[in-house]
Amino acid sequence: MAKNLLIVESPAKAKTINKYLGKDFHVLASYGHVRDLVPKEGAVDPDRHFQMNYEVIDRNEKHVDAIAKAAKAADALYLATDLDREGEAISWHIAEILRQRKLLDGKALHRVVFSEITPRAIKEAVAHPRQLSMDLVNAQQARRALDYLVGFNLSPVLWRKVQRGLSAGRVQSPALRMIVEREEEIEAFKAREYWTIEADCAHPDTRFKARLLKLRGKKFEQFDLTNEADAMAARSALERSAQGRLVVANIESKERKRRPAPPFTTSTLQQEAARKLGFSTSRTMKIAQGLYEGVALGDEGVVGLITYMRTDAVHLSAEAIHELRDVIAKDYGPQALPEAPHYYRNKSKNAQEAHEAIRPTSALHRPRDVAPYLNDEQRKLYDLIWKRAVACQMQHATLNTVSVDLDAGGDSLFRASGTTVVDPGFLAVYEEGRDAKSAEDDDEGRKLPKMQIGEAVPLAAVDAEQHFTEPPPRYSEASLVKTLEEYGIGRPSTYASIIQVLLNREYVTLDSRRFRPTDVGRAVAKFLSGHFTQYVDYDFTAKLEDELDAVSRGEEDWVPLLEKFWKPFKATVDEKSETVDRSEATGARELGIDPKSGKPVQVRLGRYGPFAQIGSKDDEDKPTFASLRPGQSMHTITLEEALELFKLPRKLGQAEDGEEITVGVGRFGPFVKHGSMYASLKPEDDPYTIELPRALELVREKAELIANRIIKDFGNGIQVLNGRYGPYITDGDKNARIPKDKEPRELTEAECMELLAAAPNRPKRGGRFGKKAPAKATKVVKTAKAPASDAPGKAAVKKAPAKKAAKKATAKRASAKKAAAKKAGAAKKSAG
């Protein structure tokens, strides 16, 4: 056994590092976090100085045991988990577990950190270890405690007031608020008409366009052309005054420099990968993790290709800069190299959690050289990282912008601009993407013909074009990450998880790669913004992040920070739990009056999603309900659209057996009903337009499916059925597998009973509190109304008294078993 044990987080990393360190080291992986808070109330105890109750994570217990076993035999332990707060906390948890098991007595404990997985970096880190940083550990503990306290106290309020199964997060909730507020801006936006006027210049060398700058002595913007009549009048006046030509009044040439963007941080990598490669934030991080942990490069072996990918630092080491400059000089020539290196400052004063920006571990690993060893996604991302790092140390780009003013007579002026690249500098390698184009971008690449002051340029036409102002765009992953970073919400390691939680909880959806909030997401955001305003406030969340950063730097103690947060937060939770009305929390919205019944029509959020309602619970007749259709929102639906929903269930006609065929929408989607049989509609079928022939086709398909399901029925509850995983035997209580050497259709009743007797009992299906659900004590009956306000559009369920139904079902099964046993006994006796 090696005398030194080194612990990293991932097995891929362990395998690579093991080769670098040799036989004196045994490298094991923790497989991420090893301990977490117990998943129940009281895991963080505010009354005992926020004592935290941890337990080993089940899935990682075997890895923890392996580490403990190896630690027992080792002389020294090196904790080499990631270099951020989470990594520091994982190292501390491992040390605590080993300490509790009395495996550290008399042994050296070292903490080592590295930002790249290369032989030099690993050996350097092991040669210069440090002690565990309790400041970083406590910052992570405080973050985890805050997230737990918010989640465990705020989520149950959402369950009671909005909908079961919802969650509120300290950082995810402000992010959701951003998306919802942007949607509200879009809905409230009123498009405004405006017109632009351009001159189509027919210069002999190059035809070009010029924008109207001045009209009759005033700036064009002052005229505020908002209708066609005014625009046409202005165009006619310009045509008259210009008389078919424009005269060059002024020429201005300006040279400017564009400097390269700094190397990637976590957020800028996520933004650029989303813009240029179409990668989601979580996908980007997963691919980057693989590049960081190492890729097999032929004879060179496994090599970590990039530095640590969770960082908000933008600076580079002197060694990395020197190597980048060498590559630039060789690949792009001395003219592409500035006299002195470019140095970049960190915007965040806490950008100490990683040593450097994201860069290639060696600039000599050019994308074309490593491409054969990478998959397509790895190749694209590595190419992006390498080019950005190389470009950041290259010569600035030199651009020349020429602006020409053209006199149209009558004290009116047009302007044309064009920008050309004098020296591409870093642009020869990389240009940063943008979320939206500017007027300056439109001018780039346009080259104007050579002109002289006083020269007459033929005017082909004056064009007036109608436009409408547009609402702000919905957030993309790139723009959301950028905005979160600008507000100081979250940190490098959290952006991908924030977005993933919002998507997994179905608070938002991605529509054309833009975030659109769902009705549930809007209800949650509105409830939190209205009643827990401070805790979804952007400045409050950012200030809390800054305080956590201060804890990580040793400038603030974590317990007073939690105390300051907890007391007012708990008081607000208790107060809102008692005072907030559920109908307000679910965002009930009045649409108007139903012309047939004269009753109010409203939409709100129920247990199974948004629905419309005619009438109220105080009416003599029960209110009627209808689920909203896919794509409809309770925030934008109109009265007319809501009334259309109540046309279901629809009667389509009769089947050949005389049974009525109806179509409706239930909890599990739209369906066709024939007698007591339900057949789901296909995605292409619309319950509001489907006709009888198509409905009958769906009914026939369902009947065939049911018929094919029963292989054999003995008439006493015992059946041989076709199941999802193949044929099986059942008596309603137990299921039995069919031996491979038996043909299902040839099984006898006695054989089936024997197999059932040998089969294990089915586990009882418990509800939330472990009680068996009386599934057979319910009966579905036809109704035109939904059963309850929380179950719009569902077929009503008429519940028999639970005890009576359960007793009856049990007696029926017992009777069937007794008769079957008697029959089997007689058959056996006869055979004997």
Cation-pi check, R35 onto W92 ring (under 6.0 Å, within 45° of axis): yes
CD1-CG distance between I94 and L28, expressed to the nearest 0.5 angstrom: 10.0 Å
Beyond-backbone contact of I306 with F264, side-chain heavy atoms, under 4.5 angstrom: no
Quiz item: cation-pi between K276 and Y430, 6.0 Å / 45°: yes
Sidechain N-carboxylate O distance under 4.0 Å for R310, E86: no
Contact summary for A389 and L324, nearest pair of heavy atoms: O-CD1, 3.7 Å
Short side-chain to backbone donor-acceptor contact, H128 and E124, under 3.5 Å: yes
Between E323 and S362, a side-chain donor and acceptor under 3.5 Å: yes
Geometric class of the H63/Y31 ring pair [parallel <30°, tilted 30-60°, perpendicular >60°]: parallel
Any donor-acceptor pair under 3.5 Å from E356 side chain to S317 backbone: yes
Passing option when T81 is tested against S10, S91, S30 for side-chain hydrogen bond (donor to acceptor under 3.5 Å, both in side chains): S91
Smallest separation among heavy atoms of A542 and Y487, with atom names: CB-O, 3.0 Å
E432/R388 salt bridge by N-O under 4.0 Å criterion: yes
Side-chain touch L98/L109, heavy atoms, less than 4.5 angstrom: no
C392 backbone acceptor or donor facing H342 side chain under 3.5 Å: yes
Note: D326-K330 ion pair, threshold 4.0 Å (strictly below): no
salt_bridge(R130, E88) N-O dist < 4.0 Å: yes
Side-chain H-bond candidate by donor/acceptor type, Q270 with T284, under 3.5 Å: no
D376 with R379: basic N within carboxylate O range, under 4.0 Å: yes
Distance in Å, L6 CG paired with N18 CG, rounded so as to fall on 0.5 Å steps: 9.0 Å
Modelled atom types, side-chain donor and acceptor of Q141 and Y54, under 3.5 Å: yes
Verdict with reasoning, K69 to D65, per side chain to side chain contact (heavy atoms under 4.5 Å, CB included): CA-CA 6 Å; K69 184 178 179 181; D65 290 343; over 6 Å; no
Separation of I7 CD1 from I67 CD1 (nearest 0.5 Å): 4.0 Å
Side-chain H-bond candidate by donor/acceptor type, H365 with E300, under 3.5 Å: yes
4.5 Å side-chain heavy-atom contact, F50 and E563: yes
Cationic N near anionic O, under 4.0 Å, E319 to R120: yes
Any donor-acceptor pair under 3.5 Å from S173 side chain to V536 backbone: no
Exam field: side chain T265 to backbone D312, donor-acceptor pair closer than 3.5 Å: no
S552 side chain vs L136 backbone, donor-acceptor pair below 3.5 Å: no
Flag side-chain contact, heavy atom, 4.5 Å: P263 against L316: yes
Main-chain N/O of L77 paired to K107 side chain as donor or acceptor, under 3.5 Å: no
Within the 6.0 Å centroid threshold, strictly below: Y535 and F565: yes
Test: E96 and R99 ion pair at under 4.0 Å: yes
From I90 atom CD1 to E9 atom CD, the distance as rounded to the nearest 0.5 Å: 3.5 Å
Least distance between heavy atoms, L562 atom then A145 atom: CD1-CB, 3.9 Å
Shortest non-hydrogen separation from L149 to F569 and the atoms involved: O-CE2, 3.6 Å
NZ on K3 to NE2 on H26, rounded to 0.5 Å: 16.0 Å
Close side-chain approach of E545 and I489, heavy atoms under 4.5 Å: no
Side-chain donor or acceptor of N53 paired with backbone N/O of V38 under 3.5 Å: no
Side chains of D331 and R366 in contact at under 4.5 Å (non-hydrogen atoms): yes
Donor-acceptor side-chain pairing of S267 and E485 below 3.5 angstrom: yes
No-hydrogen, no-angle side-chain donor-acceptor test under 3.5 Å, Y78 and N4: no
Side-chain (K19) to main-chain (V302) donor-acceptor, under 3.5 angstrom: no
T361 side-chain N/O to T307 backbone N/O, donor-acceptor pair under 3.5 Å: no
Check: L305 and L374 side chains under 4.5 Å, non-hydrogen atoms: yes
Close side-chain approach of D82 to K13, heavy-atom, < 4.5 Å: yes
